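This structure is in structure tokens; I'll ask about it shortly.
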Amino acid sequence: MHIFIIKNKSVFLNLFSLFDYKGKKMKLSVIILILFFIKSIISPLPSNYLNVTKNGMMLIGFDSLFEYHLSFLASVIIALVFWEDFSNKNYEILYFYNGMKFNKNIFLRFFVYMCIFIFSEFILSIIYVRNIPQNFFSLILLSVRYIPSLLFMCSLSLIMMIYTKNNIASILICTCFYMIDFISNGHFFKIFSLGGCTFNFIYYNSFNYYLINRILLLIISLLFIFYSCKKATQV
């Protein structure tokens, strides 16, 4: 990949042409989302979902689709988005010419992909829960509940890359977190688990426990993003 020393405005305009040649990473993201769209159409949540969960049962095969599997794949995409930054140590030049205490270039590229995944997950979730009898407010709640897990996994991928300066290390750490948390039914990481919905925290623990879990994931994600962009100013 060629590195060009250009003004900040030009950097923002040329980010994706420089770091995503022919849009391969964006195309891969779209392919993943299309596959999840097909899955949501073919196999939505069952109409008795709310009654089953109220009885304390876990529908792991359903909720894990977005809460775990899409979140993990999105974290891998984030690692690929920044692949050229670290594979050839291009980050040294990018950090040096950033000229600010907060790396807006890193933030912008991360922000664009996060918006794509969050918006897509929201729309796909609406399709996924369509069989459940509900009002508009319930529909929104059921559709946004997976977002904290998605944001957490992507921000974890980002901060691990920035601190280790190694994309593969980031993918391995995210893979370990994803697998350990899923295999342990959310018991290993407890309140920090991705699986608040998958493992029915509301009825196995309490509503407050579930709510704290969702809020903690959001707060930690925002901190990860902030410190990643702060750290990405130091060569």
Side-chain angles (χ1 to χ4, degrees), residues 33 36-37 39-41 43-75 114-159 173-227:
L33 292 171
F36 275 80
F37 171 73
K39 173 65 175 176
S40 300
I41 292 292
S43 181
L45 284 179
S47 58
N48 64 340
Y49 172 82
L50 294 178
N51 290 329
V52 171
T53 53
K54 285 179 182 178
N55 290 328
M57 297 180 66
M58 300 179 188
L59 296 178
I60 296 175
F62 288 96
D63 284 318
S64 62
L65 180 67
F66 289 103
E67 198 164 43
Y68 277 95
H69 308 321
L70 181 58
S71 298
F72 170 69
L73 290 174
S75 73
M114 280 313 309
C115 285
I116 291 171
F117 274 103
I118 288 174
F119 178 75
S120 299
E121 184 177 70
F122 176 71
I123 299 300
L124 291 175
S125 296
I126 290 176
I127 298 170
Y128 195 52
V129 303
R130 68 185 184 275
N131 287 341
I132 302 174
Q134 59 197 307
N135 55 40
F136 178 76
F137 182 69
S138 298
L139 175 66
I140 298 300
L141 287 179
L142 285 171
S143 301
V144 301
R145 62 201 175 120
Y146 302 129
I147 291 176
S149 300
L150 173 69
L151 187 59
F152 177 82
M153 284 299 290
C154 291
S155 63
L156 177 64
S157 177
L158 179 67
I159 197 168
I173 291 169
C174 288
T175 302
C176 288
F177 188 97
Y178 158 74
M179 292 184 66
I180 292 172
D181 192 38
F182 188 67
I183 292 172
S184 69
N185 286 6
H187 294 311
F188 190 87
F189 295 110
K190 298 185 182 297
I191 196 73
F192 302 104
S193 170
L194 300 174
C197 302
T198 302
F199 301 115
N200 205 353
F201 281 5
I202 292 179
Y203 296 101
Y204 265 83
N205 295 285
S206 68
F207 177 76
N208 288 338
Y209 188 91
Y210 169 80
L211 194 61
I212 292 171
N213 166 258
R214 300 290 92 179
I215 293 172
L216 273 177
L217 290 184
L218 285 174
I219 292 173
I220 293 171
S221 299
L222 295 176
L223 290 174
F224 279 175
I225 296 167
F226 176 76
Y227 282 113

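Here the structure is a predicted model, which is why all the values come from computation and not from measurement. Numbers here are sequence positions counted from 1.
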Separation of Met153 CE from Leu158 CG (nearest 0.5 Å)
13.0 Å
Sorted by chain and residue number, the ring-ring contact (aromatic ring centres under 6.0 Å, His included) partners of Tyr209 (sequence neighbours excluded) come out as Phe201
Validation row, ring centre Tyr204 to ring centre Phe199 under 6.0 Å
no
Run the numbers on Phe224 and Cys154 for side chain to side chain contact (heavy atoms under 4.5 Å, CB included), then give the verdict.
CA-CA 10 Å; Phe224 279 175; Cys154 291; over 6 Å; no
Run the side chain to side chain contact (heavy atoms under 4.5 Å, CB included) check on Ile116 and Leu33 step by step: do they pass?
CA-CA 10 Å; Ile116 291 171; Leu33 292 171; 4.1 Å; yes
Considering only heavy atoms from C-beta outward, does the side chain of Ile126 approach that of Leu139 to under 4.5 Å?
yes
Could you grab the distance from atom OG of Ser64 to atom CG of Leu194, nearest 0.5 Å is fine?
11.5 Å
Counting only heavy atoms not in Phe37, do more than 12 sit closer than 6.0 Å to its CZ atom?
no
Heavy-atom donor-acceptor pair, Arg145 side chain to Ile140 backbone, under 3.5 Å
no
Aromatic ring pairing Phe72/Tyr178, orientation class (parallel under 30°, perpendicular over 60°, tilted between)
parallel
Determine the minimum heavy-atom distance between Pro148 and Ser221, stating which atoms define it.
O-OG, 4.3 Å
Heavy-atom check, side chain of Pro44 versus side chain of Ile127, under 4.5 Å:
no
Hey, what do you get for CD1 (Ile202) to CZ (Arg214), rounding to the nearest 0.5 Å?
9.5 Å
Given Ser47 and Ile132, is the side chain to side chain contact (heavy atoms under 4.5 Å, CB included) satisfied, shown in steps?
CA-CA 4 Å; Ser47 58; Ile132 302 174; 5.9 Å; no
Between Asn213 and Leu216, is any pair of side-chain heavy atoms under 4.5 Å apart?
no
To the nearest 0.5 angstrom, please state how far the CD1 atom of Ile159 sits from the CD1 atom of Ile173.
10.5 Å
Could you work out, with side chain to side chain contact (heavy atoms under 4.5 Å, CB included) as the rule, every residue matching Phe189, not counting sequence neighbours?
Phe177, Ile180, Asp181, Phe192
Between Phe66 and Phe36, how do the two ring planes meet: parallel, tilted or perpendicular, split at 30° and 60°?
tilted
Decide yes or no on side chain to side chain donor-acceptor pair (under 3.5 Å) for Tyr68 and Asp63, but give the supporting numbers first.
CA-CA 8 Å; Tyr68 277 95; Asp63 284 318; over 6 Å; no
Considering only heavy atoms from C-beta outward, does the side chain of Tyr128 approach that of Ser143 to under 4.5 Å?
no
Rounded to the nearest 0.5 Å, what separation is found between the CG atom of Leu124 and the CG atom of Leu70?
7.5 Å
Whether Glu67 side chain and Cys197 backbone form a donor-acceptor pair below 3.5 Å
yes
For Ser155 and Ile225, the nearest pair of non-hydrogen atoms, with its separation, is CB-CG1, 3.8 Å
Let me confirm one number: the CD1-CD1 distance from Ile118 to Ile123, rounded to the nearest 0.5 Å.
12.5 Å
Do you know the tightest heavy-atom contact between Cys174 and Ser75?
CB-OG, 3.9 Å
Start with the C-alpha distance between Ser125 and Tyr146, add both sets of side-chain angles, then the distance that settles side chain to side chain contact (heavy atoms under 4.5 Å, CB included), and finish with yes or no.
CA-CA 8 Å; Ser125 296; Tyr146 302 129; 3.6 Å; yes
Indicate whether any N or O donor in one side chain lies under 3.5 Å from an N or O acceptor in the other, for Asn131 and Tyr49.
no
